[in-house]
Amino acid sequence: MAKPDVLTPQAQDFPQWYQDVVAKAELAEGGPVRGSMVIRPYGYAIWERVQAELDTRIKAAGAQNAYFPLFIPESYFRREAEHVEGFSPELAVVTHGGGKKLEEPVVVRPTSETIIGSYLAKWVQSYRDLPLALNQWANVVRWELRPRLFLRTTEFLWQEGHTAHASEQDAHLYSLRILRDVYEDFMVNVLAVPVLVGRKTDKERFAGATTTWATEGMMRDGKALQMGTSHELGQGFSRAFGIGFLDEEGQQRHAWLTSWGASTRLMGALIMAHGDDHGLRVPPRLAPVQVVVLVVKAEGGTAEAAAAVVAALREAGVRAELDVRTDSSFGRRVVGWELKGAPVRLEVGPRDLAEGSVVLCRRDSGTKVPVGLDRAVAEVRKALDEAQGSLLEEARRRLGAGTVECSSVEECQEATLSGFARIPGSVLATRADGMDGEARLNAMGVTVRLLQRPDGSLPAADQDLNELVAVVARAY
RNA sequence: CGGGGAGUAGCGCAGUUGGUAGCGCACCUGCUUUGGGAGCAGGAGGCCGCGGGUUCAAGUCCCGCCUCCCCGACCA
C-alpha cells in the first residue's frame, strides 16, 4: 500500500521540498518576528559540528577568539563611505533604551568591521603587534524582506574573522589562507561539497573591501550558493578608524586588514547539496549522529544487544545513538532517521540476533547488508568512510555535469536554468543595449559568482578580466 | 513601496439560500501491534484576526482596522 510522499519530491517543487525537509527533519522553524528563526535541537547539533570543525581550522590559522558588542554606535558606520552605503538599507537601529530616546541611535551589528576596527586602533601601535588575528562567533542582524530559513534570515549565526597586517602582501596571503585552509578544506573534506574558489567582481564585492574571495557550491537544483567569503579590506577601515603603527624604520603606517565569514547558511548548503526525496543526507564527518542503532522490537534480548553495540561504537570513537522507542512503530522511526539523514542505521531485531548479526543500512546509497555482531564496529567505520567519499563524489559529478562552457551572454540563459556557465571574462565588459555583460546577465536573473583563471585556479587580486573566466549562475 | 491572495483546533483545510462548529494529520486513554509512516474503540482541544453595523439569529451579509503570505529592485 503506497503511502503518500514524506516530502514534496525535489523534481516537483524544489523550494517546497526544502521547506518540507527543514520542518520534518526538525531543523528549524520561523520565529514570531518576520525573518527570525528558531533553530531546533537537531539543527543546532549540526551547527555545533560546523562550528567545531571551522573553529579548529580557524585556530590552526593563528586566529584567537574574542567577543565584541552587539550594539554599535551609528556614527561608526558613517566613517567608511562604501561600507555605510552597502549596509544602511538593511540595518536594524535601536532608538530607545531604558524608556528614553537615545542621544545617539545604536545599530544592531550587521557585521563588525567598524567596532572591531575601533579596538584594533587601540591595540595596534607597533609592527610588533602585527599580524593580529581575531575571530568571533556571533549573531548578526540584516533586515530581510524575503526570508528563507537558513539561507536568508534577518538574524543569523556566523563566525567573523578580522585581522590586521603590516603589508598588503601579508593581508593578501592571509585572506587566501583562510579561503583555502579553513573554508575550502571544511567544505570539501567535512561538508563533502566540492566548492569553486575565485574572486568576486566589483559589483559582487563586500561593501568596503578591495577584493573579495569566495567559495561557491552547486545545489541539487543547479543553483549556486555562496558558502564562505574572505575579504581584503585594504587600508580603508584603517584610515577611517586610525589603525596605525610604527614600522621598523619608525615610519607611521596604516595597517592592512582582512575579514572573513561563514554563516548558518551552510546549513542550507548541507540540505540542498546532499538531500534527496527521503530527507537529509548528512556526511559522516559532520553528522552529530553518525550511527543510529535501532531496536526493531523489544524481544529476544534486542534492547540489551543494541545497547552493547552502541557502547562498543562509542568506545571506538563513533557518534552513535540508541533508538529503543518500541512504543513507536519500526517504520515510523526508520522514516524519521532517514529524514534526519543519519549516515548509517543498524537494525537490531530478534531474527538478526538469532543469526548473530545486525542489518547495516546506508543512508547515502540505501543499501542494506547483514553483518556479524563481532564485525559491526569495523563495518560501521568502513561504511562511514565510504559514505563520506561517495557523497563528495556524487556532488563532484553533479558539478562537472552541470557546468557548461559558453561564449556569450545569450548562451548563459539556457545553461543557467540547470547549472553553471563559464564564459570568457571579456564578455562581462562587452557593452550592448547600453549595458555591460554583467548587467545583461543580471537582467535575466543570472549573476557572476566568481572569476577564475581558465584552469579553475585562483586569479591574482588585480588580474585583468580578459585573462579570466567568469562562472555565472542563478544564485540563492 | 506597486500588483494578487488569505486569516476558523498545534498544523493543513471545509463550512451551502444567515440557524450557534466540522474533516485530515498530530495529541490523550485502553487493547491488539511493531522487519518500511500500525489497527480498532473511546477522548480532549475553538474570542471563527480585531472593532463596529444589519438581523430574532452572523464563521457566513455590510463598513472600518490589523496581520500574514505570494509576485517585482538589494543582500551571507
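Here is how names work: the chains are called A, B, and so on, in the same order as the sequence lines, proteins then strands, and each is numbered from 1. If you're wondering where the values come from, they're calculated on a predicted model, not measured in any experiment.
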Could you tell me if A/Arg333 sits above the aromatic ring of A/Phe330, with its cationic atom closer than 6.0 Å to the ring centre and no more than 45 degrees from the axis?
no
Do the ring centers of A/His83 and A/Phe237 come within less than 6.0 Å of each other?
yes
Pick the P atom in B/G30 and in B/G24, then give their distance to the nearest Å.
23 Å
Using the C1' atom as the reference point in each nucleotide, state the distance between B/C71 and B/C63 in Å, no decimals.
29 Å
Mark yes when over 12 heavy atoms from residues, nucleotides or ligands other than A/Tyr119 sit less than 6.0 Å from its OH; otherwise mark no.
no
So which protein nitrogen or oxygen atoms get under 3.5 Å of nucleotides 25-32 of chain B's nitrogens or oxygens?
from: B/A26; atom 1: OP1; to: A/Arg332; atom 2: NH2; distance (Å): 3.4

Residues at least two apart in sequence or cross-chain that pass side-chain hydrogen bond (donor to acceptor under 3.5 Å, both in side chains) with A/Ser238, listed by chain then number, are none
Taking distance alone, no hydrogens or angles, what donor-acceptor pairs closer than 3.5 Å link side-chain atoms of residues 296-308 of chain A to residues at least two apart or in another chain?
from: A/Thr302; atom 1: OG1; to: A/Lys297; atom 2: O; distance (Å): 2.6
from: A/Thr302; atom 1: OG1; to: A/Glu299; atom 2: N; distance (Å): 3.4
from: A/Thr302; atom 1: OG1; to: A/Glu299; atom 2: O; distance (Å): 3.3

Would you mind building the protein contact string for nucleotides 67-76 of chain B? One character per nucleotide, 5' to 3', B for base within reach (heavy atoms under 4.0 Å), S for sugar-phosphate only, - for untouched.
--S-BBB-BB
Would you classify A/Pro350 as touching base, sugar-phosphate or nothing, given that sugar-phosphate means primed atoms plus P, OP1 and OP2, and contacts are heavy atoms under 4.0 Å?
base
Distance between C1' atoms of B/C70 and B/C62 (Å, rounded):
28 Å
Nearest whole Å is fine: how far is B/G36 P from A/Leu7 CG?
19 Å
Euclidean distance for P, B/G64 against B/C69 (whole angstrom)
24 Å
Considering every strand and a 4.0 Å limit on heavy-atom distances, what is the contact class for A/Thr111: base, sugar-phosphate, or nothing?
nothing
Rounding to an integer number of Å, can you tell me how far A/Glu29 CD sits from B/C11 P?
10 Å
Within the distance-only criterion (no hydrogens, no angle test), does the side chain of A/Arg57 pair as donor or acceptor with the backbone N or O of A/Glu53 below 3.5 angstrom?
yes
Using whole Å, what does the distance between atom C1' of nucleotide B/G36 and atom CZ of A/Arg363 come to?
13 Å
Would you say that more than 12 heavy atoms from the other residues, nucleotides or ligands in this model lie under 6.0 Å from the CD of A/Glu414, or not?
no
Classify the nucleic acid contact of A/Arg345 as base, sugar-phosphate or nothing, counting any heavy atom under 4.0 Å across all strands shown.
base
For residues A/Glu338 and A/Arg363, report the shortest heavy-atom separation together with the two atoms involved.
O-NE, 3.0 Å
Return the stems involving RNA chain B, sorted by first number, where pairs are Watson-Crick (N1-N3 with N6-O4 or O6-N4) or G-U wobble (N1-O2 and O6-N3), both under 3.5 Å, and runs are 3 or more long.
B:1-7 with B:66-72, B:10-13 with B:22-25, B:27-32 with B:38-43, B:49-53 with B:61-65
Let me know the distance between CD of A/Gln16 and C1' of B/G12, rounded to the nearest Å.
12 Å
Applying a 4.0 Å non-hydrogen cut-off, can you work out what A/Asp327 is touching in the nucleic acid: base, sugar-phosphate, or nothing?
nothing
In whole angstrom, give the distance that lies between atom CZ of A/Arg333 and atom P of B/A38.
10 Å
Within the 4.0 Å heavy-atom criterion, would you say A/Val359 contacts the bases, only the backbone, or no part of the nucleic acid?
base
Can you tell me, in whole Å, how much space there is between the P of B/G59 and that of B/U16?
12 Å
Candidate pair A/Glu347 and A/Arg345, rule salt bridge (charged side-chain N to carboxylate O under 4.0 Å, His left out), full reasoning:
CA-CA 6 Å; A/Glu347 297 175 357; A/Arg345 187 173 76 243; 3.1 Å; yes
Is there, by distance only and without an angle test, a donor paired with an acceptor across the side chain of A/Lys368 and the base of B/G35 below 3.5 Å?
no
Is there a donor-acceptor contact under 3.5 Å from the side chain of A/Thr154 to the main chain of A/Trp143?
no
Determine, using ring centers only, whether A/Tyr476 and A/Tyr18 are less than 6.0 Å apart.
no
In whole Å, measure the gap between the P atoms of B/A58 and B/G51 for me.
14 Å
Could you give the NZ-to-P distance, from A/Lys297 to B/A38, as a whole number of Å?
14 Å
Between A/Thr326 and A/Leu339, who's closer to the 5' end of RNA chain B by nearest nucleotide?
A/Thr326
B/A26 versus B/C40 - spacing of their P atoms, nearest Å:
12 Å
Pairs satisfying side chain to side chain donor-acceptor pair (under 3.5 Å), at least one member in residues 261-273 of chain A, at least two apart:
none
Taking the same atom, P, in B/G45 and in B/U29, what whole-Å distance lies between them?
16 Å
So for atom CD, which belongs to A/Gln64, do other residues, nucleotides or ligands contribute more than 12 heavy atoms lying within a distance under 6.0 Å?
no
